Protein chains: 2
Amino acid sequence: MKQPNTKQLILSTALDLFSKHGYAGASIRHIARSIGIRESAIYNHYKSKEEIFSAILSEFKAVTISEKILSDDLIEDLVNPEKFLKRFVIKLISQWSSATERKFIRLLLMEQFTKIGSTELSVSGYLIELRSICKMIFSEMSKHNIIKKVDPEILANQFTAPLFLIRTEYMTNDDVKEINKVYDLANKHVEFFWNAVKL
Amino acid sequence: MKQPNTKQLILSTALDLFSKHGYAGASIRHIARSIGIRESAIYNHYKSKEEIFSAILSEFKAVTISEKILSDDLIEDLVNPEKFLKRFVIKLISQWSSATERKFIRLLLMEQFTKIGSTELSVSGYLIELRSICKMIFSEMSKHNIIKKVDPEILANQFTAPLFLIRTEYMTNDDVKEINKVYDLANKHVEFFWNAVKL
DNA sequence: ATTCATAATGAACGCTCGTTAATATATGCA
DNA sequence: TGCATATATTAACGAGCGTTCATTATGAAT
């Protein structure tokens with residue numbers, strides 16, 4: 001193999017251009033020229049534009065939030081729930097801040113309604129794991145009488161929704177200058193939420 | 001004039017197709033064939049595809065949420081804040097449920113990152129008026145010692161965010177079968193929120 | 001050094017795109 | 001009735017699209 005990185009280069013370049021111009025708006029030629037090869041060379045690695053799109057999606061489905069966020073030292077903080085929630089959110093946001101993740105959510109928001117082949121792409125699908133983790137956390141807290149007795153599912157929704165809006169509003173473009181505002185908003189959200197549920 | 005409705009037909013058809021396939025994905029020919037005319041006929045009414053897009057946006061900027069939602073009988077409910085909030089949300093959601101509004105938010109989510117001509121299209125811009133109305137409401141409630149003393153801007157964010165997520169998740173596709181779930185989620189949200197802020 | 005799979009190239013295909021021009025038709029008014 | 005205007009049609013343009021194919025360059029294994 002001459003350049004074994006070409007296949008991966010196609011994927012990252014395609015994600016970049018798809019997230020900027022949409023699936024229909026970014027052409028195979030754009031992707032190829034952006035890498036520095038001819039469009040026909042791409043077909044040595046992927047058999048169609050659609051396959052590139054699917055490959056991007058597979059790459060993201062492979063890694064779960066749990067592995068990214070729920071580290072052991074974080075779990076230990078569960079004895080101090082407010083501190084735990086704050087650290088959890090900080091970890092989540094710093095995870096969301098990565099260039100690749102930002103591009104992916106952009107692509108998700110843009111193409112959630114467009115059927116591309118047989119691929120499913122939905123906000124619900126994207127949030128489902130985060131919500132179930134939160135539900136689990138609040139369920140435990142409730143069981144140990146740390147928080148009020150409210151349906152954990154409702155708590156998970158209430159905790160997740162403002163974070164998602166913050167993400168949608170401030171974490172989808174390229175400049176990171178607003179990252180302080182993001183942490184500020186997220187922190188205020190945790191404080192409001194904690195005051196609402198603590199016993 | 002033969003068919004004075006053609007110009008408006010182009011607009012509504014374009015909104016429909018743009019919201020289904022995106023701006024780049026819906027062609028002038030699609031729009032024309034969908035109306036039942038040839039593509040060149042469109043140029044008797046709009047001078048470019050971009051102008052059609054701008055016209056759609058102008059039509060939506062023209063009407064404000066205040067006029068749609070804040071009726072007099074609703075204002076009278078302010079003496080019973082929880083009832084007021086519940087009715088406010090119901091009115092908001094039934095407003096959001098209209099086919100045109102659903103198509104518009106879809107278009108907004110799809111094209112918020114794509115520069116189309118000089119048009120600005122952002123979630124923040126879409127939410128700014130709703131948020132400022134909520135901020136005003138909570139500011140008044142706080143002044144009259146109906147709710148806890150919390151920064152009205154934070155309250156507006158906390159009140160708005162879950163509603164927006166509900167809208168994004170359940171109110172963007174064509175089937176209305178999930179509308180009961182929407183009202184249920186919204187109602188639970190108001191209850192959680194009210195318990196968090198009431199004195 | 002030759003072989004051979006891999007990966008690059010350039011040219012071409014059939015198609016759709018946004019847009020324009022020339023032309024035809026129908027309507028409203030003098 | 002006839003003329004001006006608005007609105008439609010048909011045809012074509014240059015360009016870009018996804019994709020294919022024959023060909024050439026590359027680099028590792030024999």
Side-chain angles (χ1 to χ4, degrees), chain A residues 1-59 107 110-111 113-119 121, chain B residues 1-59 107 110-111 113-119 121:
Chain A
M1 281 177 249
K2 209 167 37 173
Q3 280 106 292
N5 46 334
T6 301
K7 185 157 190 167
Q8 191 58 36
L9 241 177
I10 293 171
L11 237 49
S12 60
T13 309
L15 173 60
D16 188 64
L17 293 177
F18 285 162
S19 76
K20 274 181 183 135
H21 312 109
Y23 179 79
S27 71
I28 294 282
R29 278 174 179 82
H30 281 144
I31 298 167
R33 299 281 152 79
S34 181
I35 298 172
I37 57 175
R38 296 296 97 86
E39 63 268 22
S40 51
I42 288 190
Y43 291 84
N44 285 321
H45 304 278
Y46 299 95
K47 75 177 204 295
S48 68
K49 190 184 184 184
E50 210 176 296
E51 201 186 70
I52 298 175
F53 185 76
S54 310
I56 292 174
L57 264 54
S58 309
E59 213 179 33
L107 183 58
M110 291 172 104
E111 303 297 340
F113 311 114
T114 325
K115 273 263 158 292
I116 297 168
S118 58
T119 23
L121 205 47
Chain B
M1 278 177 250
K2 207 168 35 172
Q3 281 106 290
N5 46 335
T6 301
K7 186 156 188 167
Q8 191 59 36
L9 242 177
I10 293 171
L11 236 49
S12 60
T13 309
L15 173 59
D16 188 63
L17 293 177
F18 285 163
S19 77
K20 274 181 183 133
H21 312 109
Y23 179 80
S27 71
I28 294 283
R29 278 174 179 83
H30 282 144
I31 298 166
R33 300 281 152 80
S34 182
I35 297 172
I37 56 177
R38 296 297 98 84
E39 63 267 22
S40 52
I42 287 189
Y43 290 86
N44 285 321
H45 304 277
Y46 299 96
K47 73 178 210 293
S48 68
K49 190 184 184 184
E50 208 176 299
E51 202 187 68
I52 298 175
F53 185 76
S54 310
I56 292 174
L57 263 55
S58 309
E59 215 179 31
L107 184 56
M110 290 171 104
E111 303 297 341
F113 310 115
T114 324
K115 272 264 159 291
I116 297 168
S118 59
T119 22
L121 205 47

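All figures in this text were calculated on a predicted structure; none of them were measured in a lab. Numbered from 1 within each chain, the chains take letters A, B, ... in sequence-line order.
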For the side chain of A:His30, counting heavy atoms from C-beta on, which of C:dA8, D:dA12, D:dC17 is nearest?
D:dC17
Is B:Ser27 touching bases, backbone alone, or none of the nucleic acid, heavy atoms closer than 4.0 Å?
sugar-phosphate
Output the rounded distance in Å from CD1 (B:Ile52) to P (C:dC17).
14 Å
Rounded to whole Å, the CD1-C1' distance (A:Ile42 to D:dC17) equals 13 Å
Between the base of D:dA6 and the side chain of B:Asn44, is there a donor and acceptor pair under 3.5 angstrom?
no
What is the distance, to the nearest angstrom, from the NE2 atom on A:His45 to the C1' atom on C:dA7?
6 Å
From the options C:dT9, C:dT20, D:dA8, select the nucleotide whose nearest atom is closest to the side chain of B:Ile37.
D:dA8
Nearest of C:dA8, C:dA21, D:dT19 to any side-chain atom of A:Thr6?
C:dA8
ring-ring contact (aromatic ring centres under 6.0 Å, His included) with B:Tyr23: which residues, sequence neighbours excluded?
B:Phe18, B:Phe53
How long is the line joining NZ of B:Lys7 and C1' of D:dA8, in whole Å?
16 Å
d(CG, B:Leu17; C1', C:dT16) in whole Å:
16 Å
A:Arg33 has an atom CZ; how far is it from atom C1' of C:dA8, in whole Å?
14 Å
Roughly how far, to the nearest 0.5 Å, is the OG atom of B:Ser40 from the CZ atom of B:Arg29?
9.5 Å
For the side chain of B:Arg38, starting at C-beta, report the closest nucleotide among D:dT10, D:dA8, C:dA8.
D:dT10
Among D:dT7, C:dA12, D:dG18, the nucleotide that comes nearest once only the side chain of A:Lys49 is considered
D:dG18
Start at the 5' end of DNA chain C and walk down; is the nucleotide closest to A:Gly36 or to A:Arg29 reached first?
A:Gly36
Using the salt bridge (charged side-chain N to carboxylate O under 4.0 Å, His left out) rule, collect all pairs that involve residues 18-27 of chain A, keeping only residues at least two apart or in two chains.
A:Asp16-A:Lys20
Which nucleotide in the set D:dT19, C:dA21, D:dC21 lies at the smallest distance from any side-chain heavy atom of A:Ser40?
D:dC21
A:Ser48 side chain: which of D:dA8, C:dG18, D:dT19 is closest?
D:dT19
So do A:Lys49 and A:Ile31 actually touch side chain to side chain, heavy atoms under 4.5 Å?
no
How many Å lie between CD1 on B:Ile31 and C1' on C:dT19, as a whole number?
14 Å
Counting side-chain heavy atoms from CB outward, which of C:dA21, D:dG18, C:dG18 is closest to A:Tyr43?
D:dG18
Please find the pair of heavy atoms, one from B:Thr119 and one from B:Leu57, that lie closest to each other, and give the distance.
CG2-CD2, 3.6 Å
When the distance from CD of A:Glu39 to P of C:dC13 is rounded to whole Å, what number comes out?
15 Å
